[in-house]
A.B. asks: 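There's a structure below that I have some questions on.
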Amino acid sequence: MKKQTAIFSTGAIGYSLIEILARGYTHWTMTILGGLCLLGLYSIAVHLGTNIFFQAAAGMWLITAAEFATGVIVNLLLDWQVWDYSAEPANLLGQICLRYCFYWFCLCFLWFLAIRIMRRIQSTVISKWNKRRIETERGA
């Protein structure tokens, strides 16, 4: 449970910061959505093979579907006007559009690449630590 809470919190804070940097503001619903999406991306990283392009595409679809569902609720049903992509080409009900699908793919690709780099560093550090521990035990 601690791991999921940390992942959710990282996604919630991280996505909120991305929105603030890009648009100058965010909405509390986007904070929740960011946390949920990062939990989904973590699940993809753990359960969906090793092909980074496939993982990035799955992440893009996950985020796009979550954005659409959230948009239908907060923008169309509740009329909170959190965002509106209706001026964007290739949009669906003003809630999702092709340009942001591309952005999500790129962001997911970078995320899964970062995970690979962190795992490689972690593996190298653990391997070196184990080697030193074995050498120390043999020398004692």
Side-chain angles (χ1 to χ4, degrees):
M1 187 65 168
K2 286 182 183 180
K3 185 182 230 178
Q4 286 84 356
T5 301
I7 293 167
F8 178 88
S9 299
T10 301
I13 293 167
Y15 185 72
S16 294
L17 289 175
I18 289 170
E19 272 217 325
I20 290 168
L21 290 172
R23 298 188 333 161
Y25 63 94
T26 192
H27 189 267
W28 65 268
T29 56
M30 297 298 92
T31 303
I32 294 170
L33 185 60
L36 292 174
C37 284
L38 193 58
L39 281 171
L41 293 178
Y42 175 77
S43 183
I44 289 170
V46 171
H47 301 291
L48 215 57
T50 58
N51 184 309
I52 193 168
F53 293 101
F54 182 73
Q55 288 178 328
M60 176 202 68
W61 287 114
L62 170 94
I63 293 170
T64 300
E67 183 179 36
F68 183 73
T70 302
V72 167
I73 294 167
V74 303
N75 294 326
L76 301 181
L77 296 177
L78 298 175
D79 197 30
W80 289 353
Q81 301 175 5
V82 178
W83 74 87
D84 183 3
Y85 297 150
S86 45
E88 293 284 334
N91 76 78
L92 180 60
L93 301 176
Q95 304 312 302
I96 57 173
C97 66
L98 199 53
R99 179 169 68 138
Y100 281 88
C101 288
F102 173 73
Y103 292 163
W104 299 142
F105 179 85
C106 293
L107 189 64
C108 289
F109 185 88
L110 293 173
W111 171 254
F112 291 119
L113 182 63
I115 289 173
R116 282 166 172 70
I117 292 168
M118 288 186 293
R119 284 180 180 163
R120 185 163 293 158
I121 291 169
Q122 180 184 27
S123 174
T124 302
V125 168
I126 290 172
S127 177
K128 287 181 181 179
W129 181 80
N130 282 334
K131 184 178 178 183
R132 286 185 187 143
R133 185 178 54 83
I134 291 170
E135 288 171 356
T136 304
E137 289 174 357
R138 286 184 183 161

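Starting from 1, each residue takes its place in the sequence as its number.
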A.B. asks: Would you kindly confirm whether Ile13 and Leu107 end up in one hydrophobic cluster when ILVMFWY residues are joined by side chain heavy atoms under 4.5 Å apart?
C.D. replies: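 No, Ile13 does not connect to Leu107 through the hydrophobic network.
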A.B. asks: Side chain to side chain donor-acceptor pair (under 3.5 Å): which pairs involve residues 59-78, sequence neighbours left out?
C.D. replies: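 Sorted result for residues 59-78: Glu67-Tyr85, Glu67-Trp104, Asn75-Gln95.
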A.B. asks: Can you tell me how far OH of Tyr100 sits from CD1 of Ile63, rounded to the nearest 0.5 angstrom?
C.D. replies: 13.5 Å
A.B. asks: From Leu36 CG over to Tyr15 OH, what is the distance, rounded to the nearest 0.5 angstrom?
C.D. replies: 13.0 Å
A.B. asks: Calculate, to the nearest 0.5 Å, the distance between atoms OG1 and CG belonging to Thr10 and Leu38 respectively.
C.D. replies: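 If I round to the nearest 0.5 Å, the distance is 6.5 Å.
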A.B. asks: For the CH2 atom on Trp111, are there more than 12 heavy atoms of other groups (residues, nucleotides or ligands in this structure) within a distance under 6.0 Å?
C.D. replies: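 Result for CH2/Trp111: open.
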A.B. asks: Say whether, by atom type as modelled, one donor and one acceptor occur between the side chain of Ser123 and the main chain of Arg119 under 3.5 angstrom.
C.D. replies: no
A.B. asks: Can you tell me how far CD of Gln122 sits from CD1 of Ile115, rounded to the nearest 0.5 angstrom?
C.D. replies: 12.0 Å
A.B. asks: Kindly assign one of parallel, tilted or perpendicular to the pair Phe53 and Phe105, based on the angle between their ring planes and the thresholds 30° and 60°.
C.D. replies: parallel
A.B. asks: Without swapping roles, check the side chain of Glu19 against the backbone of Ser16 for a donor-acceptor pair under 3.5 Å.
C.D. replies: no
A.B. asks: Sub-3.5 Å donor-acceptor pair from the side chain of Gln55 to the main-chain atoms of Gly49, do we have one?
C.D. replies: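 Indeed, once roles are kept as given, a pair shorter than 3.5 Å links the two residues.
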A.B. asks: Please report the shortest heavy-atom distance between Val82 and Met30, naming the atom on each side.
C.D. replies: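 So the minimum-distance heavy-atom pair works out to CG1-CG, 4.2 Å.
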A.B. asks: Following the transitive rule for hydrophobic clusters with a side-chain heavy-atom cut-off under 4.5 Å over Ile, Leu, Val, Met, Phe, Trp and Tyr, establish whether Ile96 and Leu76 coincide in one cluster.
C.D. replies: yes
A.B. asks: What about Ile18 and Ile20, same hydrophobic cluster or not, with Ile/Leu/Val/Met/Phe/Trp/Tyr joined at side-chain heavy-atom distances under 4.5 Å?
C.D. replies: no
A.B. asks: Ignoring hydrogens and geometry, is there a side-chain-to-backbone donor-acceptor pair from Arg99 to Asn91 under 3.5 Å?
C.D. replies: no
A.B. asks: First locate atom CE of Met1, then atom CZ of Phe8, and finally report the distance between them rounded to the nearest 0.5 Å.
C.D. replies: 10.5 Å
A.B. asks: Could you report the tightest heavy-atom contact between Gly59 and Cys108, atom names first, then the distance?
C.D. replies: C-SG, 3.6 Å
A.B. asks: Do Leu113 and Ile121 belong together in a cluster built from hydrophobic side chains that touch within less than 4.5 Å?
C.D. replies: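 Yes; tracing contacts between hydrophobic side chains, which count when under 4.5 Å, links both residues.
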A.B. asks: Applying the 4.5 Å side-chain criterion to the ILVMFWY set and letting contacts propagate, would Met118 and Leu48 be lumped into a single cluster?
C.D. replies: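 Looking at the clustering, Leu48 is in the same group as Met118.
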A.B. asks: Supply the atom-to-atom distance Phe54 CZ to Phe112 CZ, rounded to the nearest 0.5 angstrom.
C.D. replies: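 The distance works out to 10.5 Å.
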A.B. asks: Report, as yes or no, whether the 6.0 Å neighbourhood of atom CG on Leu98 holds more than 12 heavy atoms from other residues, nucleotides or ligands.
C.D. replies: no
A.B. asks: Give the minimum heavy-atom separation between Leu62 and Cys37, together with the two atoms involved.
C.D. replies: CD2-O, 3.7 Å
